[in-house]
Chemist: 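Just dropping this structure here.
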Amino acid sequence: MSRLLMTGNAAAAWGARLAGVEYVPAFPITPQTEIIEMLAGWCERGEMSARLTMYESEHSMVTGAASAAATGVRTFTATSSQGLLYAMEMVFAAPGWRAPFVLVNVSRALASPITLEPDHTDVLAARDSGFIQIHCATCQEVLDSVLIAYRLAEHPRVRLPVLVNQDGFHLSFTREPVDLPEEARVRAFLPPFDAHQAGFRASRPVSQVVAVLGGSPYSYFRYQVHLAQREALDVYDELAAEFAAAFGRHHGAIETYRCDDAEVVFVLIGSLAGQAKQAADRLREAGLKVGVVRPRLLRPYPASALRAALRGKQAVAVVDQNLSMGSGGVLYAELAGALQGCEYMPLLVSFIGGLGGRDIGDAEFFAMANEARDAARRREVPEPRLLYTARELRELRKLQAIAGTGGVQEETR
Amino acid sequence: MKTAANILGDALFATGYEVQDAPRYGAERRGAPMFAYVRAADRTIVERGAIVTPDLVVVADAGLLGIPAAGVMQGASEATWLFVNSTEPAQAIRAQWRYPGQVVSWPAGFTPPAMHNAAATSASCAGAAARMLGVIARETFESALIAQSTGRSAGAIETTRSQGLAAFDAMGGVDRCVPEGGEHPATPPASPDWIELGADDAALAAPDIYAQATSEQARTGLWRSHRPVIDYEHCNRCSWVCSTLCPDSAIRVDEDRTPRIHYDHCKGCMVCVLVCPAHAIRQVSEQAAQAQEIEP
């Protein structure tokens with residue numbers, strides 16, 4: 001094992017290489033990432049024996065990935081942001097095929113307006129597709145999650161595609177130390193794909209995409225995907241334990257940080273957890289017991305693990321780096337659903353922050369923890385809050401003044 | 001600067017630190033300001049993204065000091081050291097920009113054979129930073145320089161190596177001047193001035209631009225590190241090649257077919273230098289050109 005500085009993109013590529021993937025369908029143009037560039041270089045130089053094929057769109061790329069996986073070939077692909085959206089029709093179709101492959105998404109905010117920096121609205125658009133979703137907070141986790149994802153995807157009780165998510169810039173372009181496991185040890189953990197009876201062969205035709213069905217058989221098949229996801233919760237725990245035994249790193253369905261005695265807990269996903277942990281340390285020095293809970297698995301949703309971690313806490317500040325327009329934060333709504341009706345559950349306070357990569361500093365984590373604690377003391381659920389300052393609005397008004405009003409009265413500003 | 005951050009990151013990692021380095025940039029390509037952040041610590045680094053309170057700021061292009069939107073000096077305090085790649089004396093820079101901390105200047109990109117060589121500038125900036133941190137051995141830094149040049153020509157590797165080490169050696173007087181950042185301040189941070197954002201009229205709330213020619217207000221010419229200069233004696237007045245191929249439409253042609261470069265909006269991409277059929281456009285260091293303007 002060697003410890004190297006590498007980006008999240010490199011970690012994802014190494015994950016695919018170490019997993020021994022056989023087929024990499026890829027769309028080569030923006031918003032594609034360096035993940036595919038690295039894999040293409042290795043394939044070209046013969047350092048990897050996979051077949052890499054360039055497709056004309058992410059839609060076709062995901063079709064290619066699901067088709068290859070259906071034939072029993074270990075398949076990897078990657079995209080980002082608008083690319084995931086372009087593939088969306090097939091993102092919803094592939095889980096119904098019960099095709100096991102791994103797709104790494106580099107999360108970036110969606111248009112319009114347009115930005116390059118990360119938030120989670122892109123990956124949450126795929127939330128209800130049937131893809132399993134693993135959300136990473138470090139580059140090491142990206143590599144490890146790709147390996148675990150293949151075991152999970154190919155498990156006979158699961159047999160679903162897995163999306164491994166990493167944040168653009170904060171992981172994808174950020175170099176940090178990553179343990180690169182030895183190939184032989186990876187192979188012991190992750191043997192070659194044994195497709196069993198599912199393997200599609202020319203000599204044994206199978207019709208894997210059936211004709212139009214009525215609502216009743218349709219319900220059966222769709223609900224089977226849901227049940228497979230629920231199975232994946234237990235399978236995931238087993239695999240995480242097995243991975244920890246083999247490599248010494250435990251990546252649970254949820255990560256908890258200083259939660260045991262916490263009064264206030266931040267709940268969030270992705271790499272923002274680093275800032276939350278740092279703030280939790282500082283808040284403890286200032287006298288408020290704060291912890292962090294980070295779901296790694298978002299689908300299947302680890303409801304019982306979250307209930308266990310949050311039971312008895314006073315307040316939870318849910319930080320949603322996404323926005324479901326007309327409703328609010330997706331994590332907040334899901335957590336409220338998971339805790340509903342349970343005893344000794346904390347008051348939930350919703351914050352929307354980090355949209356389009358907007359930074360969230362210590363000062364804002366302090367203020368969120370204090371607001372959540374105060375709300376719990378008053379026993380009042382405050383309105384969801386967008387993290388947005390007076391200074392930001394002043395700067396925006398300046399831009400709007402340059403852009404002109406198009407006839408809107410000056411006094412409305 | 002991404003390369004400079006990678007070199008510095010590699011050297012710090014090889015020294016035994018936990019390291020994180022990351023670039024940050026927008027949609028604009030060539031010439032747009034870009035940033036890279038390097039963190040080093042003796043334990044796992046959990047913080048990510050922009051560095052809010054830097055211990056050292058390295059500026060490869062001194063022109064950025066004058067662009068408020070670049071925010072070069074954001075978060076700098078009396079304790080923050082500033083290295084500027086410039087021929088200007090440090091004290092003059094400090095006075096001109098009212099910089100609160102200590103300033104070091106050195107012409108990283110201006111010494112032959114590194115003239116106009118971005119890779120050499122990166123190596124020099126990394127070298128200056130490494131010596132100012134003072135925790136990286138010269139041999140460790142040299143290995144990092146060579147490792148980051150892998151795959152380039154022997155000459156290019158040698159330029160990177162020699163320029164990086166020249167900067168490292170030149171900073172002997174400020175060896176280890178940047179202290180290791182202590183723990184964060186003991187006092188809790190000030191409350192953010194959050195506001196409740198209200199709904200605006202849709203005509204205002206849509207990201208539309210009604211005003212004409214707003215791009216004129218963005219003086220993208222400030223991004224330039226080098227400028228194209230037309231030698232009118234050799235310009236053959238073809239009237240269209242440079243002006244048509246300029247990606248920023250920053251070259252207009254007079255009625256007598258004479259091209260004029262509008263330096264407020266020329267980003268210094270040098271496409272015109274490459275395409276001019278008469279080879280009548282040359283590349284000049286922006287700093288040298290500005291010095292000439294001041295002393296005609």
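Just so it is clear, the model here is predicted, and its values are computed rather than measured. Order of the sequence lines sets the chain letters (A, B, ...), proteins ahead of strands, with each chain counted from 1.
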Chemist: Checking the side chain of Gln400(A) only, and the main-chain atoms of Leu204(B) only, is there a donor and an acceptor separated by less than 3.5 Å?
Modeler: yes
Chemist: Taking CD in Glu395(A) as the centre, count heavy atoms belonging to other residues, nucleotides or ligands within less than 6.0 Å. Is the count above 12?
Modeler: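 For Glu395(A), atom CD is crowded (more than 12 foreign heavy atoms under 6.0 Å).
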Chemist: Restricting to non-hydrogen atoms, name the atom on Ala22(B) and the atom on Thr174(A) that form the minimum distance, rounded to 0.1 Å.
Modeler: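 Minimum heavy-atom separation between Ala22(B) and Thr174(A): CB-OG1, 3.3 Å.
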Chemist: Just checking Glu47(A): does its CD atom have more than 12 heavy atoms from other residues, nucleotides or ligands closer to it than 6.0 angstrom?
Modeler: yes
Chemist: Can you list the residues that meet the salt bridge (charged side-chain N to carboxylate O under 4.0 Å, His left out) rule with Glu380(A), with sequence neighbours excluded?
Modeler: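 Once residues adjacent in sequence are excluded, the partners of Glu380(A) under the salt bridge (charged side-chain N to carboxylate O under 4.0 Å, His left out) criterion are Arg378(A).
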Chemist: First locate atom CD of Gln278(A), then atom CD1 of Ile45(B), and finally report the distance between them rounded to the nearest 0.5 Å.
Modeler: 10.5 Å
Chemist: Measure distances from Val52(B) to the heavy atoms of chain A and classify the residue's part below 4.5 Å as side chain, backbone, both or neither.
Modeler: neither
Chemist: Minimum heavy-atom separation for Leu116(A) and Tyr25(B), please, with both atom names.
Modeler: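 That closest heavy-atom pairing would be CD1-O, 4.3 Å.
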Chemist: If you measure from the Lys or Arg side-chain nitrogens to the Asp or Glu carboxylate oxygens, is any gap between Glu176(A) and Arg48(B) under 4.0 Å?
Modeler: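 Salt bridge between Glu176(A) and Arg48(B), a charged N being under 4.0 Å from a carboxylate O: yes.
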Chemist: Which answer fits Gln20(B), side chain, backbone, both or neither, if we ask what part of it has an atom under 4.5 Å from a heavy atom of chain A?
Modeler: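 Both backbone and side chain of Gln20(B) come within 4.5 Å of chain A.
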Chemist: Quick check on Glu117(A) against chain B: is it the side chain, the backbone, both or neither that has a heavy atom closer than 4.5 Å?
Modeler: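 Just its side chain gets close to chain B.
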Chemist: Are any non-hydrogen side-chain atoms of Trp194(B) and Glu364(A) less than 4.5 angstrom apart?
Modeler: yes
Chemist: Tell me, for Leu283(A) versus chain B, whether the close heavy atoms (under 4.5 Å) come from the side chain, the backbone, both or neither.
Modeler: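 For Leu283(A), no heavy atom lies under 4.5 Å from chain B.
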Chemist: By a 4.5 Å heavy-atom criterion (distance strictly below it), what part of Ala273(A) contacts chain B: side chain, backbone, both, or neither?
Modeler: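 The answer is neither part of Ala273(A).
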Chemist: What are the two closest non-hydrogen atoms of Pro189(B) and Ala363(A), and how far apart are they?
Modeler: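 Shortest heavy-atom contact: CG-CA, 3.5 Å.
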Chemist: Tell me whether Asp359(A) is salt-bridged to Arg24(B), with the criterion being a basic N under 4.0 Å from an acidic carboxylate O.
Modeler: yes
Chemist: Between Thr214(B), Leu197(B), Asp10(B), who has the most heavy-atom pairs with chain A when the cutoff is under 4.5 Å?
Modeler: Asp10(B)
Chemist: Which atoms of Met6(A) are under 4.5 Å from chain B, going by heavy atoms: the side chain, the backbone, both sets, or neither?
Modeler: neither
Chemist: Please state whether the side chain, the backbone, both or neither of Glu371(A) comes within less than 4.5 Å of a heavy atom of chain B.
Modeler: side chain
Chemist: Please flag which part of Phe173(A) lies under 4.5 Å from any non-hydrogen atom of chain B: side chain, backbone, both or neither.
Modeler: both
Chemist: Can you check whether Asn6(B)'s main-chain N or O pairs, donor with acceptor, with Arg175(A)'s side chain at less than 3.5 Å?
Modeler: yes
Chemist: For Arg45(A), does the CZ atom sit with more than 12 other heavy atoms under 6.0 Å from it, leaving out its own atoms?
Modeler: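 Correct, the count exceeds 12.
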Chemist: Given 3.5 Å as the limit, does a donor-acceptor pair link the side chain of Glu47(B) with the main chain of Gly274(A), or not?
Modeler: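 No, because the side chain of Glu47(B) does not come within donor-acceptor range (under 3.5 Å) of the backbone of Gly274(A).
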Chemist: Is there a side-chain contact between Thr389(A) and Ile195(B) in this structure, where contact means two heavy atoms from C-beta onward sitting under 4.5 Å apart?
Modeler: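 With C-beta onward as the side chain, the pair stays apart.
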Chemist: With a 4.5 angstrom heavy-atom cut-off, is it the side chain or the backbone of Pro23(B) that approaches chain A, or both, or neither?
Modeler: both
Chemist: What part of Thr7(A) gets within 4.5 angstrom of chain B, counting heavy atoms only: side chain, backbone, both, or neither?
Modeler: neither
